[in-house]
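All values below were derived from every heavy atom in this structure, side-chain atoms included, with hydrogens, water molecules and symmetry-related copies excluded. All chains are named by letter (A, B, ...) in the order of the sequence lines, taking the proteins before the strands, and each is independently numbered beginning at 1.
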Amino acid sequence: MTKKKIVLLDGNSLAYRAFFALPLLTNDKGIHTNAVYGFTMMLETILDNEKPTHVLVAWDAGKTTFRHSTFTEYKGGRQKTPPELSEQFPYIRKLIEAFGIEQYELDLYEADDIIGTLSRECSEAKAEVVIISGDKDLTQLANEQTTVCITRKGITDLEKYTPQHIEEKYGIEPLQIIDMKGLMGDASDNIPGVPGIGEKTALKLLKEYGSVENVYQSIDQITAKKMKENLVTNKEQAFMSKELATIEVHAPIEVSLADLDFAGRNEEEVIQLYKELQFNSLLEKLDAPVEVQHLEEIEIQTVDEVTADMLTDTMSIHVEIDGDNYLSASILGIGLSNETNTYFVPTNVAASSAMLKEWLEDHATLKYASDSKSAYAAIARLGMELNGTDFDLMLAAYIVNPSFSTGEVAEIARSFGYHGVKSDEAVFGKGAKRSLPDAEQLAEHVARKAHAVWELYPVVSKQLEENEQQELFHELELPLAKILGKMEVTGVKTDLDVLQTIGQQLSERLALIEKDIYEMAGEKFNINSPKQLGVILFEKIGLTPIKKTKTGYSTAADVLEKLENEHEIIQHILLYRQLGKLNSTYIDGLSKEIHEDGKIHTRFQQALTQTGRLSSINPNLQNIPIRLEEGRKIRAAFIPSEPEWIMFAADYSQIELRVLAHISQDEKLIEAFKQGADIHTKTAMDVFGVSEEDVDSNMRRAAKAVNFGIVYGISDYGLSQSLNITRKEAGEFIDTYLASFPGVKQYMDDSIADAKQKGYVTTLLNRRRYLPDITSSNFNLRSFAERTAMNTPIQGTAADIIKKAMIDMDARLEKEQLQTRMLLQVHDELIFEAPVEELERLKEIVPEVMEQTLQLDVPLKVDWNHGKSWYETK
DNA sequence: AGTGACCTA
DNA sequence: CAAACTAGGTCACTT
């Protein structure tokens with residue numbers, strides 16, 4: 001007989017974990033399904049990986065447990081279970097049943113105790129036990145037979161706690177986890193512990209004394225005065241905490257190993273349940289027919305000729321592309337819809353229709369687009385223009401809430417309660433299995449997307465109205481989409497020869513460095529593999545690892561820099577990495593992106609970032625090297641597309657700090673910018689309390705780092721890292737800064753308070769970002785939300801400003817009938833190509849337009865440069 | 001598909 | 001106490 005293997009799952013803990021790890025999903029009946037889905041994924045993975053002979057899911061019985069008679073406040077202060085999760089518990093139970101797994105709960109006891117008791121019984125019987133939970137408390141149960149798996153991140157990533165792992169991680173034995181909890185407490189269970197003692201201190205005490213009892217027996221040996229005092233005053237509390245943290249391994253349970261036989265799941269029941277919950281991807285895996293989504297009946301007409309009666313004053317439009325790159329992938333067809341009709345126009349029909357062209361180009365007929373930028377660019381490829389765009393579903397949804405915009409019509413539609421359109425994945429498949437459906441299905445899908453836009457127009461518009469974001473949408477994002485489309489289609493001329501020459505030189509240098517590294521290491525290995533590099537540096541050469549990653553030793557640049565004096569191989573590796581990056585990403589990567597027209601056509605994602613910035617992809621032209629000269633040379637490859645033209649670049653100086661001055665209304669900061677002072681020097685004067693002449697370069701550097709930190713939502717740790725000083729010193733810096741700029745301090749506090757009260761923060765032009773984690777009990781999540789609350793209005797307002805400047809700039813170029821073309825935006829910078837005759841005019845209007853686009857209480861300042869390539873605009 | 005490393009503002 | 005400063009994209013390696 002094969003050896004028994006028992007898997008014990010902590011039902012409540014895993015359900016919570018699944019719920020919070022996944023975004024809210026709903027089935028067509030409006031029941032939330034994310035926790036059930038997550039739980040299912042966990043179950044499938046665990047059963048697959050562990051192949052157990054016996055399984056049990058243990059549940060907490062109710063609110064009151066025997067621990068409450070020890071401490072009435074046990075698990076006090078917990079937020080009540082969200083209703084979206086509560087409604088899912090019955091489904092999780094059904095699911096477990098369908099999987100053929102036993103479930104058990106016991107009055108007055110928690111799931112922990114059931115698991116503890118069973119695992120004791122099983123390990124006494126020498127059976128192998130695997131415990132799965134999100135609660136680290138359970139690690140006290142680990143022993144030679146028992147492994148405790150704790151969810152790490154997401155839902156299927158588990159950290160396995162064996163006695164060895166606990167020893168490595170904490171330096172203690174599993175049972176001492178209880179002592180650790182006794183000393184440090186546990187905020188989530190409201191176990192008090194001893195004040196002032198956290199994980200680090202608790203472990204130190206345990207390594208020295210072994211247990212809570214021994215700590216108190218040897219209390220006189222403890223020299224740290226404050227800690228000793230805390231220990232003495234809270235002695236009772238420490239023992240009580242230890243008791244609370246102890247899992248009962250002799251609970252009066254009525255199940256035993258024999259009851260937990262796992263014979264496999266009932267396929268039919270599982271399929272039935274998956275259908276009800278609409279777990280389509282899981283159904284596919286089971287080779288079960290996916291329930292056909294019930295879609296509202298609409299009549300769709302595929303047209304072989306566009307006729308006048310089809311095209312009305314207002315219609316929605318969706319241009320379907322084969323893939324996501326509308327600049328190069330083929331155009332599959334156009335969907336058009338209004339209140340009476342929905343059409344699919346195949347690409348060849350559209351391309352040859354003068355009637356359609358006239359309608360598309362007419363400013364007086366209004367179009368509601370699914371994604372107007374892609375429509376502009378795609379329609380331009382058919383030799384037509386798109387005018388009269390009055391709505392853009394993707395942009396509108398993004399403005400209402402930047403977090404739920406994937407750019408897919410079906411997904412946006414669903415989040416606004418419209419279910420009449422299938423997801424692209426359902427129609428095309430995904431990954432390697434992606435393929436075009438037959439003509440009829442394609443026509444229906446495209447037409448339905450257009451119809452969805454029509455149906456959603458009033459819904460999303462109303463939301464924009466309620467949020468007071470109509471202006472942001474109509475005056476900023478919508479006109480910008482057209483300009484960005486134009487920029488993408490224009491593209492940037494790129495000189496392949498320049499790239500190849502640099503690439504050649506890089507390759508030669510890399511070969512030499514590679515040889516040196518192999519010699520110093522004494523063997524050949526893959527320098528690009530952090531894993532192999534770690535072995536060479538920290539095992540073979542014997543350097544001291546400074547930081548660890550999840551998978552091994554960290555070999556990040558900041559770690560290596562600290563080791564630079566230890567071994568000469570380090571600097572070679574750093575150089576190899578730096579040059580290798582240039583070669584792979586910038587030389588090879590960019591070369592591949594040059595089209596037949598000799599240009600690179602990036603795409604700007606307008607509905608992606610949480611702050612309102614743009615991002616650039618395929619390729620990313622917003623991260624071309626500049627900091628180091630070797631990389632900067634890449635910029636020489638970006639040149640004007642016409643002979644005798646020049647590149648012209650203009651950037652905002654200190655835009656984020658100016659925005660901070662404006663929105664915080666800090667008098668000193670405003671004054672500094674009004675005087676046109678060097679802001680870092682001015683900051684140094686205030687923070688160090690010296691006069692301008694006495695600010696040395698170190699002070700200025702420190703002040704600059706503080707200014708950056710302030711913009712990012714500062715922490716003492718972050719600043720200490722960037723300045724290589726202690727956390728304490730960094731903290732003092734920040735305090736001094738905030739004391740001398742009280743308006744900034746006030747702004748920081750107000751932003752967080754605002755986010756807590758309203759649930760979101762806003763920019764100057766009323767862009768929103770929701771921050772649900774701002775009230776989280778998880779320190780990490782909450783801190784992150786707080787920094788975001790401080791940073792987003794600043795970064796987002798700067799994004800608003802340059803977007804508005806782009807619109808003004810485009811209008812100005814048009815008005816003055818200039819040939820100059822706007823090519824790129826890099827967050828605080830605009831790059832143009834221009835005929836040399838227009839240079840003098842640009843020097844005047846570019847800074848003027850950018851500086852005057854919005855009136856703040858501080859002036860905006862723009863610097864500009866020009867040259868024969870992007871490299872020369874410095 | 002996820003991770004670590006490194007490029008930008 | 002614990003964890004650790006904003007927003008992105010791409011590459012190579014690994015699973």
Check salt bridge (Lys or Arg N to Asp or Glu O under 4.0 Å) between [X] and all other residues, then give those that pass, not counting sequence neighbours.
| X | answer |
| --- | --- |
| A:Arg701 | none |
| A:Glu732 | A:Lys728 |
| A:Asp186 | A:Lys181 |
| A:Lys861 | A:Asp863 |

field: Summary of salt bridge (charged side-chain N to carboxylate O under 4.0 Å, His left out) pairs that have at least one residue in residues 608-617 of chain A, sequence neighbours excluded
entry: A:Arg613-A:Glu656
Quick one: list whatever passes side-chain contact (heavy atoms from CB on, under 4.5 Å) with [X], sequence neighbours left out.
| X | value |
| --- | --- |
| A:Lys547 | A:Ser554, A:Asp558, A:Val559 |
| A:Ala730 | A:Asp716, A:Leu719, A:Ser720, A:Ile725 |
| A:Met184 | A:Met180, A:Glu199, A:Ala202 |

- prompt: In residues 714-722 of chain A, which residues come under 4.0 Å of DNA chain C by heavy atom?
  reply: A:Ile714, A:Ser715, A:Tyr717, A:Gly718, A:Leu719, A:Ser722
query: Does anything in residues 791-803 of chain A reach DNA chain C, meaning a heavy atom under 4.0 Å, and if so which residues?
result: A:Asn791, A:Gln795
field: Interface residues of residues 622-635 of chain A with DNA chain B (non-hydrogen, below 4.0 angstrom)
entry: A:Gln622, A:Asn623, A:Ile624, A:Pro625, A:Ile626, A:Arg627
message: Which residues in residues 576-585 of chain A have a heavy atom closer than 4.0 Å to any atom of DNA chain B?
response: A:Arg577, A:Gln578, A:Lys581
